[in-house]
Amino acid sequence: MRINRSLRLGIGAIALTLAATTAACGGGSDKSALDNAKDGKLTVGIKFDQPGLGLRNKDGSYSGFDVEVAKYVAGKLGVKPENITFKESPSGQRETLIENGQVDYIVATYSINDARKQKVDFAGPYYVAGQALLVKADNSGINGPDDLKGKKVCSVKGSTPAQNIEKNYPATQLQTNDTYSLCLEGLQAGSYDAVTTDDIILAGYAAQSAGTFKVVGKPFTTENYGIGLKKGDKELRDKVNDAIEAMIADGSWKKAFDSTVGVSGYQAPTPPTVNRY
Ligand code: GLU
């Protein structure tokens, strides 16, 4: 009896340790985003290196339009901004982070498309961007995607701009990194001729580097930014869509844009209409 009891306790302790280890490793949870919100806390995926959109500041705070959208939505789900844990969500990892329950939702310049919709759902769009090019300020040879033949162009793994270049501009020497900040370093160092992603992201880098880089050409794709959610959670998607509509209707969307991306002179466009697919 005694042995059995201590054996049982021992197994129980091992099971507990394993559970704790899994949680500590960020293995994600089975709890839905709405359940987490009911408990008063949310984990939200954003970019950490995109000024104006999603940025982790030196003091550990977060700023940008995506951060403001994330906070507004959390507020509508009953969660205070100080109870949000922001998690870095590089382009190529977003679907996996959502599928594994490591984040409750993602607001990270995340284009809605059919391939991604196989794995995750989207609320939105809350913004419409377009792919563009960033070059050094003194480069006059690249003015649009047709000038990229034979050029070294950097983008990010798993992003729609990288896929577009691969598919539609095959004569380009596409190089991919995990983040846009790594592309920027290479552009600065002269390893790349251009960096490509959405206009609004590139504008943030150009503004930050004053006179070093410039955005060239007209946007050549349409990128509808959505909020990435666990696939099949219709209740969550409806609530997040309601939140985006409210943010646009009550003026918070414009205010958030003007105080983030808009600070460098970027004009807020007309907000999009939410598409409840
Ligand atoms: N909007 C594009 C995408 O979702 C490019 C920006 C990004 O990589 O986050 O892939």
Side-chain angles (χ1 to χ4, degrees), residues 44-56 62-70 86-99 103 105-134 145 153-169 172 174-187 192 194-206 208 213 215 217-229 231 244 257 260-261 266 269 271-272 275:
V44 180
I46 57 163
K47 295 296 184 73
F48 275 15
D49 66 340
Q50 294 180 189
L53 291 158
L55 189 68
R56 186 177 196 278
Y62 299 93
S63 57
F65 183 58
D66 280 346
V67 173
E68 294 307 316
V69 172
F86 288 108
K87 184 168 176 59
E88 186 172 23
S89 304
S91 303
Q93 294 176 28
R94 292 175 293 200
E95 288 83 52
T96 310
L97 286 166
I98 293 169
E99 285 177 309
V103 293
Y105 55 88
I106 286 188
V107 193
T109 60
Y110 198 6
S111 299
I112 302 170
N113 70 22
D114 287 343
R116 290 173 178 166
K117 275 200 217 160
Q118 307 280 318
K119 298 179 173 172
V120 300
D121 270 331
F122 289 97
Y126 64 91
Y127 186 77
V128 184
Q131 185 174 356
L133 300 167
L134 186 79
V153 178
C154 187
S155 197
V156 163
K157 285 182 193 124
S159 72
T160 48
Q163 288 157 11
N164 182 36
I165 294 291
E166 233 170 12
K167 192 167 168 240
N168 297 317
Y169 302 92
T172 307
L174 178 69
Q175 327 256 318
T176 51
N177 278 312
D178 285 332
T179 61
Y180 294 110
S181 39
L182 288 170
C183 285
L184 261 264
E185 281 173 28
L187 182 64
Y192 311 127
V195 173
T196 188
T197 186
D198 304 333
D199 49 1
I200 192 171
I201 301 174
L202 297 176
Y205 291 131
Q208 192 190 40
F213 305 121
V215 183
K218 292 201 182 76
F220 52 98
T221 65
T222 302
E223 307 294 324
N224 286 298
Y225 286 0
I227 299 185
L229 311 165
K231 193 169 168 61
I244 296 170
F257 194 94
T260 55
V261 180
Y266 207 88
N275 170 23

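Read the numbers this way: they start at 1 and go in the same order the structure lists the ligands and their atoms. Fair warning: this is a prediction, and the values are worked out from it, not measured in the lab.
The shortest non-hydrogen separation linking Ile98 to Gly228 is CD1-C, 3.5 Å.
Note on Arg116 versus Glu95: salt bridge recorded, some NZ/NE/NH1/NH2 to OD/OE distance being below 4.0 Å.
Ligand 1 places these atoms under 4.0 Å from at least one heavy atom of Ile201: 6 (C). The atoms of ligand 1 that sit less than 4.0 Å from any heavy atom of Lys47 are 7 (C), 8 (O), 9 (O). Proximity to Thr197 (heavy-atom distance under 4.0 Å) selects the following atoms of ligand 1: 5 (C), 6 (C). Close approach to Ser159 involves these atoms of ligand 1, each under 4.0 Å from a residue heavy atom: 8 (O), 10 (O).
Between the side chain of Lys231 and the backbone N or O of Lys117, at least one donor-acceptor pair lies under 3.5 Å. In this structure, Asn177 contributes its side chain and Ser155 its backbone to no donor-acceptor pair below 3.5 Å.
In summary, the side chains of Thr109 and Gln50 do present a donor paired with an acceptor at a separation below 3.5 Å, with no hydrogens or angles considered.
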side-chain contact (heavy atoms from CB on, under 4.5 Å) assessment of Ile227 paired with Phe122: CA-CA 5 Å; Ile227 299 185; Phe122 289 97; over 6 Å; no

Given side-chain hydrogen bond (donor to acceptor under 3.5 Å, both in side chains), test Asp198 with Gln131 step by step and report yes or no. CA-CA 4 Å; Asp198 304 333; Gln131 185 174 356; over 6 Å; no

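Residue contacts with ligand 1, taken as heavy atom pairs separated by less than 4.0 Å, involve Ser91 solely via side-chain atoms from C-beta onward. The residue Gln163 has no part lying near ligand 1, judged by heavy-atom distances below 4.0 Å. Counting heavy atoms closer than 4.0 Å to ligand 1, residue Ala108 contributes backbone atoms (N, CA, C, O) but none from C-beta onward. Within the 4.0 Å heavy-atom criterion, neither part of Lys157 lies near ligand 1.
Among Ile200, Val156, Thr109, Leu53, the residue whose heavy atom lies nearest to atom 6 (C) of ligand 1 is Thr109. Among Ile112, Ile106, Asp198, the residue whose heavy atom sits closest to atom 1 (N) of ligand 1 is Asp198. In this comparison of Tyr127, Tyr180, Tyr110, the heavy atom closest to atom 7 (C) of ligand 1 sits on Tyr180. The option with the heavy atom closest to atom 2 (C) of ligand 1, from among Asn224, Thr160, Thr179, is Thr160.
Under the side chain to side chain contact (heavy atoms under 4.5 Å, CB included) test applied with Lys47, the options Pro90, Ser89, Ser91 reduce to a single match, Ser91.
The shell of residues lying under 4.0 angstrom from ligand 1, judged by heavy atoms, includes Arg116. Contact analysis leaves Gln131 out of contact with ligand 1, as no non-hydrogen atom separation drops below 4.0 angstrom.
Between atom OH of residue Tyr205 and atom CG of residue Leu184 there is a gap of 5.5 Å, rounded to the nearest 0.5 Å.
Side-chain contact between Val156 and Asp178 is absent, with no heavy-atom pair separated by less than 4.5 Å.
Among the atoms of Tyr225, none of the N or O lies under 3.5 angstrom from an N or O of ligand 1.
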